Amino acid sequence: MSQEDKKERMIHPPAEFPRGVRLLHDPVRNKGTAFTKEERDALSLRGLLPPRIQSQALQVIRVLENLRQKPSDLERYIFLIALQDRNETLFYRVVMDNLKEIMPLIYTPTVGQACQLYGHIFRRPRGMFISAEDRGRVAEVLGNWPHKDVRIVVVTDGERILGLGDLGASGMGIPIGKLVLYTACAGIHPTQCLPVTLDVGTDNEALLEDPLYIGLQQRRIRGQSYDEFIDEFLAAIVEAFPRAVIQLEDFANANAFRILEKYQERICIFDDDIQGTGSVVLAGLYSALRITGGNITDQRVLFLGAGEAGLGIGSLIVEAMVAEGLSEEEARKRCWFFDSKGLVVKGREGLASHKLPFAHEYEFIDDFLAAIKSLRPTAIIGVSGMPGTFDQQILETMAALNERPIVFALSNPTSKSECTAEQAYSWTGGRAVFASGSPFDPVYFGGRTYIPGQGNNAYIFPGVGLGAIVSGTRHVTQEMFFVAARSLMLEASDEELEMGQIYPSLSRVRDVSARIAAEVAEVAYARQLARNPKPDDLPACVRSQMFEPDYISYV
Ligand code: NAD
């Protein structure tokens, strides 16, 4: 069905509906040149628009023409955000119909560059900036948000943006980007999405000295003051938006683990870097096993990096192995971590508490290659933020140890990846089952084409969020991420696996999200966590709640 054929939905504008210029400046309702004659008459738009009426499909052509002429990805990002600020419906039409092209612009890798330069490219504010200066009146500040039916809040304090470190208030690009994906991938209505940056200062010297930096020019508040601020913020969110799911995003790891542990059984909250990553990578591992032919309980996984991503993945792999019959202890012994200091082993001094469950009785090894030779892993997973750490020797050793070595280089953005797709294939003689965090182009090697999978959290969190909304779950549980991974694993087709692509094409992500949402909601109902009555047909109910970016008729 073409865009022109799509029947516009109709609403009758209430008296307070914006008219004239106010309507054109309202990104939620603006349709630009697509306003009809009748609407122009009824809504005081005559003379404010060029006379020719154009369909949304034509507007999309104009947007794509402009987008593709921009000289750089950063310029494309700026152009797209400007469109989002003008006409959200058109923005989402463009994003959804061209997701593969646009996701790397609005999310990793380009969003990383945008965050690094946020103060320099800043045009209009979007989302809420809640700063340490707002302590004591966060609830009042939240009252300024114009939309009252918020269902998803994505919040960062900007301390660990992608693999780029402390970007302070410039991290706002991340919650904005993630919420775009909630709408594009799972159809959460844009007005139900709230991006938040908690500006608690920054310890990034360059930003502190940059006159164009948009955040507080002070060092981060820490310790008790920080915790009290987080407590106040979360309490205020629950009060203002009681039906909202809260997603923690890009907090530094000590804070992320602590906040999640404190709140996950009290409110409806999850951490995408820990749980969403765990789920998408577990799904990738399951799919990789469809290629290698192994069983999950036979894998030995060695992580480079023992932070939020690594431990989140490790915990879910343990859950998967336990579901297949291993004891928790046996399962943990199949997951090994190597961090900036070396192998995580029992008795190592100063180990952070979240690493302890994976500190095994073993000799300490401070060289990653030596650890590979000693532990003989079937899979290595890079979540260190350290580019080039899966070097030729490491990949050749993995290929010598395994017929089909599993190599996931997940650090973002692309510049931080532990190895490139080309290196993974060429240094293993084309035998690696490879996935990355940021997208890589297809690789031609040894007479065949490989399509690298992208372990993109966008396969998981939008569906989890939608399932949480549909069921009205009180909490987001680990089991929900586990069922999401099982669901995603089934989505890659045999043809895709044949090309090395362990995740389904992004063009199917809305179907994937709908199925994950239904599975997640099922868990909420089964565990008596749901606040909404169970619909007779859960998948149909999920589908019916997904936003489509079609124009609404106002007269
Ligand atoms: P983090 O800061 O919590 O953890 C980083 C870990 O890497 C720490 O344990 C640190 O000790 C370790 N490390 C640093 N330098 C090292 C070195 N030279 N050798 C070995 N270990 C080293 O960060 P995180 O949230 O775990 O994220 C890590 C990376 O994973 C980031 O680049 C992030 O973008 C990426 N990530 C990818 C996905 C995805 O692909 N879906 C999801 C989440 C995070």
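Both ligands and their constituent atoms are indexed starting at 1 by order of listing. As the structure is a computational prediction, the values presented were derived from the model and not from experiment. Every heavy atom of this structure was used, including side-chain atoms; hydrogens, water molecules and symmetry mates were not.
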Please could you name the atoms of ligand 1 that [X] approaches to less than 4.0 Å, counting only its heavy atoms?
{"X": "L304", "value": "19 (N), 20 (C)"}
{"X": "G437", "value": "40 (O)"}
{"X": "G385", "value": "32 (O)"}
{"X": "F338", "value": "20 (C), 21 (N)"}
{"X": "L162", "value": "34 (O)"}
{"X": "G305", "value": "6 (C), 7 (O), 9 (O), 12 (C), 21 (N)"}

**Message:** With a cutoff of 4.0 Å, is R160 in contact with ligand 1, counting heavy atoms of the residue only?
**Reply:** yes
Check ion pair [X]-[Y] (N to O, under 4.0 angstrom):
{"X": "R332", "Y": "E328", "answer": "yes"}
{"X": "D250", "Y": "K178", "answer": "no"}
{"X": "R486", "Y": "E324", "answer": "yes"}
{"X": "K262", "Y": "D227", "answer": "no"}

Kindly confirm or rule out an N or O of [X] lying under 3.5 angstrom from an N or O of ligand 1.
{"X": "N253", "value": "yes"}
{"X": "N457", "value": "yes"}
{"X": "A306", "value": "yes"}

Determine whether [X] and [Y] make a side-chain contact, defined as any pair of heavy atoms from C-beta on separated by less than 4.5 Å.
{"X": "I406", "Y": "P377", "answer": "no"}
{"X": "F303", "Y": "V344", "answer": "no"}
{"X": "Y263", "Y": "L248", "answer": "no"}

Note the single closest protein heavy atom to [atom], along with its residue, its atom name and the distance in Å.
{"atom": "atom 39 (C) of ligand 1", "value": "G455 O, 3.4 Å"}
{"atom": "atom 32 (O) of ligand 1", "value": "N412 N, 3.1 Å"}
{"atom": "atom 44 (C) of ligand 1", "value": "A309 CB, 3.7 Å"}
{"atom": "atom 4 (O) of ligand 1", "value": "G307 CA, 3.2 Å"}
{"atom": "atom 5 (C) of ligand 1", "value": "V383 O, 3.8 Å"}
{"atom": "atom 15 (N) of ligand 1", "value": "M386 CG, 3.4 Å"}
{"atom": "atom 43 (C) of ligand 1", "value": "T277 OG1, 3.1 Å"}
{"atom": "atom 22 (C) of ligand 1", "value": "S340 N, 3.5 Å"}

Please say whether more than 12 non-hydrogen atoms of neighbouring residues, nucleotides or ligands are located less than 6.0 Å from [atom1] in [X].
{"X": "E498", "atom1": "CD", "result": "no"}
{"X": "E330", "atom1": "CD", "result": "yes"}
{"X": "R376", "atom1": "CZ", "result": "no"}

Which is it for [X] and ligand 1 at heavy atoms under 4.0 Å: side chain, backbone, both or neither?
{"X": "D339", "answer": "both"}
{"X": "K341", "answer": "neither"}
{"X": "E308", "answer": "both"}

**Request:** Would you check if there is a donor-acceptor pair between the side chains of S374 and Y362 at a distance under 3.5 Å?
**Result:** yes
**Prompt:** Taking all atoms of both residues into account, what is the closest heavy-atom pair of F129 and A169, and its distance?
**Reply:** CE2-O, 3.9 Å
**Asked** Would you say N253's side chain and G307's backbone share a donor-acceptor pair under 3.5 angstrom?
**Response**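 Not a single qualifying donor-acceptor pair exists.
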